[in-house]
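Presented below is the structure to which this report refers.
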Amino acid sequence: MNNTNINELPTVYDAKETEEEIYKFWEDGEFFKADAHSEKPPYSIVIPPPNVTGVLHMGHALDGTLQDILTRYHRMSGYEALWLPGTDHAGIATQAVVEKKLRGEGLTRHDLGREKFLEETWKWANEHKSEILHQFKRLGASFDLSRERFTFDKGCSDAVKEVFVRLYEKGLIYKGAYIVNWCPRCQSAISDIETNYETEQGHLWEISYPLKGEPGAIIVATTRPETIFGDVAIAVNPTDHKYKELVGKTVVIPLSGREIPIIEDEYVDKNFGTGAVKITPAHDPNDYEVGKRHGLEPIWVIDEEGKMKACGAVPPELHNLDRYEAREKIIGMLSYQNFLLRVRDHEHNVGKCQRCNTTIEPLLSEQWFVKMEPLAKEAIAAVKDGRIKFIPQRWEKDYLGWMENIRDWCISRQLWWGHQIPAYYHKETGEMVVAKENPDPNMYVQDSDVLDTWFSSGLWPFSTMGFPNSETDDFKKFYPTSVLVTGFDIIFFWVARMITMGLEFTKKAPFSTVYIHGLIRDEKGQKMSKSKGNTINPVEIIDKYGCDALRFTLTSLCTYGGQDIKISDERFEYGRNFANKIWNASRFVLMNLEGVDNNDFDRNALTIPDKWILDKLNKTAEIVNDNIKNYRIGEVAHVLYDYFWNDLCDWYLETAKIQLNDENQKLNTQRVLRYVLDMSLRMLHPIMPHLTERIWQLIPRNYEAKAIMVCDYPVFNKDLEFPAEAEEMNLTIETIRSLRNVRQSLNISTSLKINAEIRAEGHELDVFKIIEPYIKRLAKVENITYGELNATVPPQSASAVVASSKIIIPLAGLIDIEEEIKRQEKKLNKLVTEKNSLEGRMNNAKFVENAPKELIEQTKARIDEINLQSGAINELINSLSVKA
RNA sequence: GGGCGUUUAGCUCAGUUGGUAGAGCGUCUCCCUUACAAGGAGAGGGUCGAGAGUUCGAGUCUCCCAACGCCCACCA
């Protein structure tokens, strides 16, 4: 790397080559490895483990970039930084994709059997695990692969067993029959938050249930006529006089003949439907509660596959019929026998499986649950008392709202891929033992269900650090972690569970900050998904634009409010162009560092532009540190972009060219350039690691260091403040801009040399004399002369007013007087408008009375300045008009 | 039904203690000036969704309305 010939560096930054080479350099040097025995204060982040179902998407790229920026920044800022990588076994999701693959081969998991199926799934998981980690490397991730973890590895599995047993012993895990969300396709229970509701256009059927042994009937409205065979009662509201006389009577279920009572229950809404509800406790959560209150035994009529159960309660011709086919058929039968009185269109919400979008079947079923309320107490307190802070803070409200209305968590899944529940049943007595190990494999069989995948991810911050052993080096050094970085979509699924579990089992909040960023969407604002075909693969973007370009662009799009981020391919040109700008600016500096010595710059030999850029750099460092600490990471990107491009490239490098040509200034300018480039690269490094490392390696350094990634991050330095020179440079810039403006607006060719007469007094005059060379070169001025401030304006000349001085540009034969007058009038108008507004304020007694002193003084000063400048412009216009 | 977010230049979006608006892209003009045409220089472009209020002063605070988006709850 160090043998590179600077003059042969390509003019276009080659991201691909650089990234590969640099990442390898970091890996070989073991720069990402965290030391648990370090004296430095710890900074740790555990990655939200990506599912092993697939590959990296843009959301991971954003999430990973932000974590890497925080990790790299803190590593450079004196912390022992650990970013712990890993993946999630993603129980239901992974099983689904593997089953899908098997289906392609004409197989089901049952054909393979549990053991063989798990083998297949492990294979799949391992392949994707390495693919995902490889992609994270392409992203420049500075994570410590020696600590890589998997939610289903030995350590995490031990943690799961430990937690399960302890919660069970504490009475916080129980097993029981409740209505759960059952996915007939996944063949498993799923939790409430894995169920999404969709509005569907359905029907409300009114069915007549005849009274037993007497004429008359009660009419019931239902959206699910196929469940009538599971009815155990008809319920009406106790205050509903319409049905007063029917309560206590018996009706006969149509098509079935079974007899059920008419009961009263508060749950019934008099105004909905007919005011009479069929009660089906086995297939509806509300009905289940009603049934329980009235001591009614549930009757199952739909099975786990969503088919009509082949049982006595269901007429034989419907046995094993799909629930929707059965519905059609039942409607026909009811209609034929005149039990169906009315059909109405009815919009209602239907639960869908988040994973496969199959309509959920509420099913009474025996499952395992975590009693959440006792655990939620501390999780609520931790956020309320500030032990855990959400950024942006508004998410705390969502979190607390959910926690405060927490419902028990159904944790058992009827799957194979996952942590098998550590409950064992005696083969003969059926006695159940909950323990980490099977008490006697000959006599006990393990519960066949596995745990919800989020159960293990909920332990992630501490299961990865050695838990249940809290004496490991990593646990002691790196737990609790510093911050959790994730999207808002998994606050309930994951963040909430980590907080409850962390507090319960480690007595500490697993992280003190939850940094929530927006979600990545396509250019139309739609969520990216494979089925929509609107996904953008981050690796393709990296191939096309470069990793640092991707990282910079994504970072720049992060707002403090955590808005969703719309991206399209072309947006990454922003980052690519910036990377190229950095590359070329650096190339320029490096090409001009030949012959530089090993000394730091000489403070006494600094020029105005030198001091100005040092001042800018210093201020930028201050702002950048402040912004990173406050998680305003998008702002960091903007500030650095503005500093690097607009200050460093557009102005300082241009002035440096002049100084480099001056033998007296050359050496010190080189030293300043070296320092400024070095510090600028360091500031950029956390966002754009490869490019900055690559260039830094080429700087002829006067200190020892192995890599930029372990250099100190620049901080504000009181000794590098140069306010006076900063002001003087502003005068320089303004003067040059005015001259350029004159040239352009009067259509004076750049090849044409012009002269300028500067009319200034006092300090401004002194400054002009110093900055003359810069003005000459950057504004392409041939000669500069000096004159009296109040002398008359020569004919045929353009002019500009800068600060308190005037610049006169004689343009005999070149100038269109009318144009110049117009130009000046435009400027004057602007000033006059501003002045009117300011004077309006100053004439307002209340403003003068109430506004802060500094603002009033500022306003006065500005009015003075405007008066001066507009006076000068008036004078110019007058002299031009006379001559015209 | 409850809650949250968004509405600012043609487009995409910034704008943290209230002090008369910024960026990138796009547009117009000029320029291959020995770091960079993925570039340089100059310019144009906004009554900050509507309305009301507080204030000397509101894109920024309060209220109300509208449109779009999201979350939670849930109606047999």
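Chain A is the first sequence line, chain B the second, and so forth, proteins listed ahead of strands; every chain is numbered from 1.
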### Task
Do nucleotides 22-33 of chain B as a string where each nucleotide becomes B, S or -: B if the base has a protein heavy atom under 4.0 Å, S if just the sugar-phosphate does, - if no protein is that close.
--S----B---B
Between [X] and [N], is there a contact of a side-chain N or O with OP1 or OP2 at under 4.0 Å?
{"X": "A:Asn850", "N": "B:C56", "result": "yes"}
{"X": "A:His283", "N": "B:A76", "result": "no"}
{"X": "A:Gln563", "N": "B:U6", "result": "yes"}
{"X": "A:Lys397", "N": "B:C4", "result": "yes"}
{"X": "A:Trp645", "N": "B:G40", "result": "yes"}
{"X": "A:Lys581", "N": "B:A35", "result": "no"}
{"X": "A:Arg407", "N": "B:C74", "result": "yes"}

When both hydrogen-bonding distances must be under 3.5 Å and the geometry is Watson-Crick or G-U wobble, what is [N] paired with, if anything?
{"N": "B:C48", "value": "none"}
{"N": "B:C75", "value": "none"}
{"N": "B:C70", "value": "B:G3"}
{"N": "B:A41", "value": "B:U29"}
{"N": "B:A23", "value": "B:U12"}

### Query
Should we say atom NZ of A:Lys242 is surrounded by more than 12 heavy atoms from elsewhere, each under 6.0 Å from it?
yes
### Query
Between A:Tyr641 and A:Trp645, does a ring-ring contact (aromatic ring centres under 6.0 Å, His included) hold up when you go through it step by step?
CA-CA 6 Å; A:Tyr641 182 97; A:Trp645 201 309; 5.3 Å; yes
### Query
Going through the distances and angles, do A:Phe272 and A:His346 end up as a ring-ring contact (aromatic ring centres under 6.0 Å, His included)?
CA-CA 12 Å; A:Phe272 188 89; A:His346 178 63; 5.7 Å; yes
### Message
Is the positively charged end of A:Lys657 above the ring of A:Phe588, judged by distance under 6.0 angstrom from the centroid and angle within 45° of the axis?
### Response
yes
### Task
Would you kindly say whether A:Tyr774 and A:Thr735 are connected by a side-chain donor-acceptor distance under 3.5 Å?
no
### Query
Quick one: do the A:Arg587 and A:Asn584 side chains pair a donor with an acceptor below 3.5 Å?
yes
### Message
What I want to check is whether an N or O donor and acceptor connect the side chain of A:Asn349 with the base of B:C74 at under 3.5 Å.
### Response
yes
#### Entry: Side-chain donor/acceptor of A:Arg576 to base of B:A38, under 3.5 Å
yes
Using the side-chain heavy atoms of [X], tell me which of these nucleotides is nearest: [options].
{"X": "A:Phe847", "options": "B:C56, B:C36, B:A76", "result": "B:C56"}
{"X": "A:Lys826", "options": "B:G44, B:U12, B:A35", "result": "B:G44"}
{"X": "A:Pro852", "options": "B:C13, B:G19, B:C72", "result": "B:G19"}
{"X": "A:Thr223", "options": "B:C13, B:A76, B:G5", "result": "B:A76"}
{"X": "A:Glu635", "options": "B:A14, B:C56, B:A76", "result": "B:A14"}

### Message
Base, sugar-phosphate or nothing for A:Gly275? Non-hydrogen atoms, less than 4.0 Å.
### Response
base
### Task
Just call it for A:Val268: base, sugar-phosphate, or nothing, with non-hydrogen atoms closer than 4.0 Å on any strand.
base
#### Entry: Separation of the C1' atoms in B:C13 and B:G19, to the nearest angstrom
24 Å
## Note on the structure
Comparing A:Glu198 with A:Ser745, nearest RNA chain B nucleotide closer to 5' gives the residue A:Ser745
### Task
Please report the shortest heavy-atom distance between A:Thr750 and A:Arg743, naming the atom on each side.
CA-NH1, 3.6 Å
### Message
Checking the side chain of A:Thr274 only, and the main-chain atoms of A:Ile219 only, is there a donor and an acceptor separated by less than 3.5 Å?
### Response
yes
### Query
A:Asn630 side chain to A:Arg632 main-chain N or O, any donor-acceptor pair under 3.5 Å?
no
### Query
Expressed in angstrom and rounded to an integer, what is the separation of A:Phe578 atom CZ from B:G39 atom C1'?
15 Å
#### Entry: Whole angstrom value for the distance that separates C1' of B:C36 from CG of A:Asn584
4 Å
